[in-house]
Amino acid sequence: MLKMIELPYPLNALEPYYSKETLELHYQILYKGYIDNTNQTEEKLEQARNNNDFSNIKCYEKNLSFFGSGAILHELFFKNMGPPVPTEPSLALLERITKDFGSYDNFKKQFNEASKMVEASRMVFVGMGSEMEQTSSITMRETSKFNFMGMRTASNIRHVGAFLLSSI
């Protein structure tokens, strides 16, 4: 069973960039809903296995992918956001970004432009992990596809690598 993580900061900590009301909506309603629905779907899957009845497996798998991805992506967002602090990427990350994007400014331009184009329940993230040979700016068109990237449960988040998230 998945459990909600506690926010590592107060609900108003992201202001003025992200309002308290918006963070409250994402944490207390949307994220909670993803956690609750993932757990309900897991229970239904367990019942299906116990009863050897897989007549609704397509629905269960689709729901698990959608709700599980929503929980994972919200956790990544919450863990990677924080009160505004002037920072720069680590030297290793900066070198990688410069190699892959030409410069840090080019990276910021591409990431910001991609973020502006995000629609509805989609997001942009930049990933650099052990399985990737370069940093990538990826616009997630369907958040449920996140499960196909090797993340089936929230416990696997630590295997993803380093992420910067933007959710608009």
Side-chain angles (χ1 to χ4, degrees), residues 2-20 22-28 30-35 38 61-62 64-168:
L2 295 180
K3 293 185 178 171
M4 288 178 65
I5 63 168
E6 289 193 31
L7 281 179
Y9 39 78
L11 287 169
N12 64 351
L14 305 181
E15 290 181 338
Y17 307 104
Y18 209 81
S19 75
K20 175 184 177 181
T22 301
L23 186 57
E24 192 170 38
L25 170 78
H26 274 271
Y27 182 73
Q28 295 178 352
L30 299 174
Y31 173 56
K32 182 181 184 316
Y34 285 126
I35 294 290
T38 298
E61 289 291 330
K62 182 179 176 183
L64 187 61
S65 178
F66 177 78
F67 295 125
S69 291
I72 291 168
L73 291 168
H74 273 82
E75 287 184 11
L76 285 171
F77 176 80
F78 297 142
K79 289 178 180 180
N80 284 281
M81 298 298 285
V85 188
T87 60
E88 292 293 327
S90 69
L91 182 58
L93 181 57
L94 185 58
E95 287 173 352
R96 192 68 214 210
I97 285 172
T98 301
K99 179 179 185 233
D100 296 334
F101 291 89
S103 72
Y104 186 64
D105 284 339
N106 287 345
F107 155 73
K108 286 184 0 184
K109 285 178 193 170
Q110 180 176 331
F111 188 81
N112 288 334
E113 290 304 314
S115 295
K116 290 177 190 175
M117 301 302 147
V118 173
E119 302 166 345
S121 62
R122 299 168 182 151
M123 59 179 47
V124 177
F125 67 92
V126 174
M128 183 178 88
S130 59
E131 301 299 318
M132 301 175 73
E133 294 187 19
Q134 71 178 43
T135 50
S136 301
S137 173
I138 302 167
T139 302
M140 188 69 67
R141 297 276 178 224
E142 295 178 48
T143 55
S144 62
K145 300 292 189 229
F146 201 64
N147 278 340
F148 296 115
M149 300 174 90
M151 284 137 278
R152 196 62 176 166
T153 66
S155 63
N156 289 332
I157 288 175
R158 62 184 154 274
H159 301 295
V160 176
F163 282 89
L164 303 170
L165 292 188
S166 174
S167 177
I168 297 176

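The model shown is predicted, which means the values in this text are computed figures rather than measured ones. Counting begins at 1 with the first residue of the sequence.
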Inter-residue atom distance [X].[atom1] - [Y].[atom2], 0.5 Å rounding:
X      : Y      : atom1 : atom2 : answer
Asp100 : Gln110 : CG    : CD    : 10.5 Å
Ile72  : Leu2   : CD1   : CG    : 8.0 Å
Phe66  : Glu61  : CZ    : CD    : 15.5 Å
His26  : Leu7   : NE2   : CG    : 12.0 Å

What pair of heavy atoms forms the shortest contact from Thr38 to Gly68, and how long is it? OG1-N, 3.2 Å
Atom of Tyr31, atom of Met4 and distance for their closest heavy-atom approach: OH-CA, 3.3 Å
Trace of the ring-ring contact (aromatic ring centres under 6.0 Å, His included) decision for Phe107 with Tyr104: CA-CA 5 Å; Phe107 155 73; Tyr104 186 64; 5.8 Å; yes
May I ask you to say whether Lys109 pairs ionically with Asp105, meaning some side-chain N is under 4.0 Å from a carboxylate O? no
Any non-hydrogen side-chain atom of [X] less than 4.5 Å from a side-chain atom of [Y]?
X      : Y      : value
Leu23  : Gln28  : no
Tyr34  : Leu73  : no
Lys108 : Phe101 : no
Tyr17  : Met81  : no

Could you tell me whether a side-chain N or O of [X] sits under 3.5 Å from a main-chain N or O of [Y], the two making a donor and an acceptor?
X      : Y      : answer
Glu15  : Lys20  : yes
Ser69  : Ser65  : yes
His74  : Gly70  : yes
Asn106 : Gly102 : no

Working note: Phe78 + Tyr9, criterion ring-ring contact (aromatic ring centres under 6.0 Å, His included); need CA distance, chi angles, decisive distance, verdict. CA-CA 9 Å; Phe78 297 142; Tyr9 39 78; 7.5 Å; no
Between Ile35 and Lys3, is the side-chain contact (heavy atoms from CB on, under 4.5 Å) condition met? List the steps. CA-CA 7 Å; Ile35 294 290; Lys3 293 185 178 171; 5.9 Å; no
Could you go through Tyr27 and Phe77, starting from their C-alpha distance and side-chain angles, then the distance that decides it, and tell me whether this counts as ring-ring contact (aromatic ring centres under 6.0 Å, His included)? CA-CA 10 Å; Tyr27 182 73; Phe77 176 80; over 10 Å; no
